[in-house]
2 protein chains.
Amino acid sequence: MATIYEVSKAAGVSLATVSRVMNGNVRVSERTRNKVLKAMTELGYKPNAIAQSLASNCSNSVGLLVSALHGSFFGDMMSTVEDVLRRAGKHVVITAGHSDEEQEKQAIEFLLDRRCDALILHAEAVSDEYLLELAKGDAQIILINRKIDAMSERCFYTDNELGGYLATKAALDAGHKDIAYISGPLFKGDAKERLAGHQRALAEANITFNDALLVEGGYHEAEGAQGLEQLYRAKHKFSALICANDEMASGAMTAARELGIAIPEQLSIIGFDNVLFARYLYPKLTTIDNPIRLMGEAAAHWVLAHVYQQRGVAEPRNLFAPSLVARDSLVSAP
Amino acid sequence: MATIYEVSKAAGVSLATVSRVMNGNVRVSERTRNKVLKAMTELGYKPNAIAQSLASNCSNSVGLLVSALHGSFFGDMMSTVEDVLRRAGKHVVITAGHSDEEQEKQAIEFLLDRRCDALILHAEAVSDEYLLELAKGDAQIILINRKIDAMSERCFYTDNELGGYLATKAALDAGHKDIAYISGPLFKGDAKERLAGHQRALAEANITFNDALLVEGGYHEAEGAQGLEQLYRAKHKFSALICANDEMASGAMTAARELGIAIPEQLSIIGFDNVLFARYLYPKLTTIDNPIRLMGEAAAHWVLAHVYQQRGVAEPRNLFAPSLVARDSLVSAP
DNA sequence: CTGTTAGCGCTTTCAA
DNA sequence: TTGAAAGCGCTAACAG
């Protein structure tokens, strides 16, 4: 691998000049630039990104923390973030936190050790205090799907409460009165908010929230199935079920089928997130669209604008509104 | 951020000694080591990974190329690779190639520029020659889901032909004679191999392969749906459909339902890959298990053993055998 | 077992 | 507009 030194010799100029034409920010005469460029191509020169990072104190890398590397939700998010950032020549180091405090901290430490210029975090388990403390350090911290007031301009999130509200409202509008709810793990903010929206919609319709119709799940398909079975066994009647994400809705559908419950005739189901496979379920899942790709894009754009000082990047919005996607799994109450 | 220099001063030793206790490979007296350790914690010292990389000419990072960051197949793969490598303190830089030659090359260049110690590639579009050339360079190249004879010990792949064979064999064993097939894009090796397996099974059963029952898809759900519609419109009769991956099987199921075809009563469907959501489809998808997690693990272990000289890592196998997962979407022929 | 001393390849003042 | 030179923070001979 040719080094900058060899290029400078070949071009008959100094190291500094080569560096200047590489970075293009300082004026270099046309003639000199061409000599250097020629030498570079002849030698097949590639700048050493590591040396550049050390000297410039900028790693050109951004760390991304997600809960898991598989799953439609995070797939969509990683996909947009990587796309935007790589186009800008930045690289993305991805780690998984598995919704566990210790693992999230370790992953963040890891990214910090690699001297990432910015961290885009989908952190679920660590505390606000920890994140605030982190934000005081060298790396810029951006949060996805979480809002902390003291750093709200670096937070990109969905109005989960509204989403929960819309889901329940849709069921109510279809005439359902007995609505069961399988929530996400309630230690997570989004799970709490979605549930709060559900309760608000019920209250507006003068329906008292029935604790017996609530099951706490963990956002996985299996818990959707278990949740439905539990509700069914408890013999409380309900004609609609709202699941706090599509994965659980899918699990619930499968379980319902096995119990001989016809969907949507006997039971309407509504999901949340509108992940790719939602429309391939049978019946096609009515769900709440969670604009995760837009949030990823917003976070990446923020980094480009504020960390790398790129011009012409539109200032992203922070709050994203979910919306109902009406498909086949919700029908009028019998 | 404290530097090694400050630590050495605080501990009253030389730079080199601090470096030694950090890396732990050279003997340092217990007393000195403790002094250094103490100074480190007091200063909250964190080694600068970038400087380490530059000095040691080892970035401790491995690049991972996948076709897309979303989708169950790649999710599973990234997940295992990241898990194994991060446990070993290596970091994973992930890029997407989108099955496009130009984009794959760019992504690989990008990883090379970052001086990754090894590249684990799920490359679909670039040529064997290109990869062989690449393997001559500084970074070690590992291939997933692809075999090139000249570097077969660095290739980890499924026996796709066998998989295609097993799928078709299962349909045949269930009494089906007219078996349609929606393939992956035939410029991809795995798609070709799966199809070859299909044809071998037919030949063994003395059934002539009928070109009219073959549709070329692109591994996406939408193409599964289109493929089924196309086959249906062509009015060729078939009682079983084999799809070259689960996503297309899912799309085909949805499309069949819309055309009023009962599954599996009127049409049996078999997928390939056994991704997570396959068992949540309705009916539950009979499919071929593709041990993608094991391949990811194997690739990561190979890197640990051969690139980072870790001891005690079992030598991974290169060829992985797929197997039939019988669920509900395949039944006996009418 | 420990210290000295060159670098690793590049950026960035500071002068010229 | 260009060059000289001092680092960035760490590793790795080489001596002692």
Side-chain angles (χ1 to χ4, degrees), chain A residues 1-37 39-40 43-61 89 112-117 138-139 308-309, chain B residues 1-40 43-61 89 91 112-117 138-139 308-309:
Chain A
M1 268 283 85
T3 71
I4 193 174
Y5 176 71
E6 301 171 44
V7 174
S8 77
K9 263 203 321 200
V13 298
S14 73
L15 281 187
T17 302
V18 178
S19 173
R20 284 182 191 111
V21 345
M22 270 171 38
N23 297 300
N25 35 20
V26 185
R27 298 218 55 73
V28 178
S29 79
E30 193 61 22
R31 237 184 108 254
T32 317
R33 145 173 284 105
N34 286 139
K35 277 196 304 194
V36 174
L37 256 20
M40 281 180 173
L43 291 170
Y45 171 73
K46 299 280 219 166
N48 181 323
I50 303 220
Q52 286 179 315
S53 296
L54 183 60
S56 63
N57 194 30
C58 165
S59 67
N60 280 309
S61 74
L112 251 23
D113 285 355
R114 305 306 308 192
R115 296 298 196 268
C116 291
D117 301 322
D138 291 328
Y308 295 115
Q309 276 77 43
Chain B
M1 268 281 87
T3 71
I4 193 175
Y5 176 70
E6 301 171 44
V7 174
S8 75
K9 264 205 319 201
V13 298
S14 75
L15 281 187
T17 302
V18 179
S19 174
R20 284 182 192 112
V21 346
M22 270 172 35
N23 297 300
N25 36 20
V26 186
R27 300 218 55 75
V28 178
S29 79
E30 194 60 23
R31 236 182 108 254
T32 317
R33 147 173 282 104
N34 285 139
K35 277 196 302 194
V36 173
L37 257 21
K38 184 153 161 287
M40 281 181 173
L43 292 169
Y45 171 74
K46 299 280 217 165
N48 181 323
I50 303 218
Q52 286 178 316
S53 296
L54 183 61
S56 64
N57 194 31
C58 165
S59 67
N60 280 308
S61 74
H91 80 268
L112 252 21
D113 285 355
R114 306 305 309 190
R115 296 298 196 268
C116 290
D117 301 322
D138 291 329
Y308 296 115
Q309 276 77 43

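Here is how names work: the chains are called A, B, and so on, in the same order as the sequence lines, proteins then strands, and each is numbered from 1. Side-chain atoms are counted along with the backbone in the values below, which use heavy atoms only and exclude waters and symmetry mates.
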Quick check: do [X] and [Y] have side-chain heavy atoms less than 4.5 Å from each other?
X	Y	answer
A/L112	B/K46	no
A/M40	A/V21	yes
B/R114	A/N60	yes
B/D138	B/R115	no

- Phosphate contact (D/dG3 OP1 or OP2) by A/T17 side-chain N/O below 4.0 Å: yes
- Extract, from 5' to 3' on DNA chain C, the first and final nucleotides lying under 4.0 angstrom from some heavy atom of chain B. C/dC1 to C/dG9
- Item | Inter-residue atom distance B/L43.CG - B/M1.CE, 0.5 Å rounding | 10.0 Å
- Message: Once rounded to the nearest 0.5 Å, what's the spacing between atom OG of B/S56 and atom CG of B/N23?
- Response: 8.5 Å
- Task: Indicate, with a heavy-atom threshold strictly under 4.0 Å, whether B/V18 touches base, sugar-phosphate, or nothing.
- Result: nothing
Under-3.5 Å N/O pairs linking protein and nucleotides 8-10 of chain D:
residue: D/dC8; atom: O2; partner: A/A55; partner atom: N; Å: 3.4
residue: D/dC10; atom: OP1; partner: B/Y45; partner atom: OH; Å: 2.4
residue: D/dC10; atom: OP1; partner: B/N48; partner atom: N; Å: 3.1
residue: D/dC10; atom: OP2; partner: B/I4; partner atom: N; Å: 2.3

- side-chain hydrogen bond (donor to acceptor under 3.5 Å, both in side chains) partners of B/S29, counting only residues at least two apart: B/T32
- With A/Y308 via side-chain hydrogen bond (donor to acceptor under 3.5 Å, both in side chains) - residues at least two apart: A/D117
- Query: Through what angle, rounded to 10 degrees, does the axis of the helix from C/dC1-D/dG16 to C/dA16-D/dT1 turn between its ends, using five pairs per end?
  - Reply: 30°
- Task: Please indicate whether B/N57 has more than 12 foreign heavy atoms, meaning atoms of other residues, nucleotides or ligands, lying under 6.0 Å from its CG.
- Result: no
Listing, residues 2-18 of chain A side-chain donor-acceptor contacts under 3.5 Å, not counting sequence neighbours, or none:
residue: A/T3; atom: OG1; partner: A/Y5; partner atom: N; Å: 3.2
residue: A/T3; atom: OG1; partner: A/E6; partner atom: N; Å: 3.4
residue: A/E6; atom: OE2; partner: A/T3; partner atom: N; Å: 3.4
residue: A/S8; atom: OG; partner: A/Y5; partner atom: O; Å: 2.7
residue: A/S14; atom: OG; partner: A/A16; partner atom: N; Å: 3.4
residue: A/S14; atom: OG; partner: A/T17; partner atom: N; Å: 3.3
residue: A/S14; atom: OG; partner: A/T17; partner atom: OG1; Å: 3.2

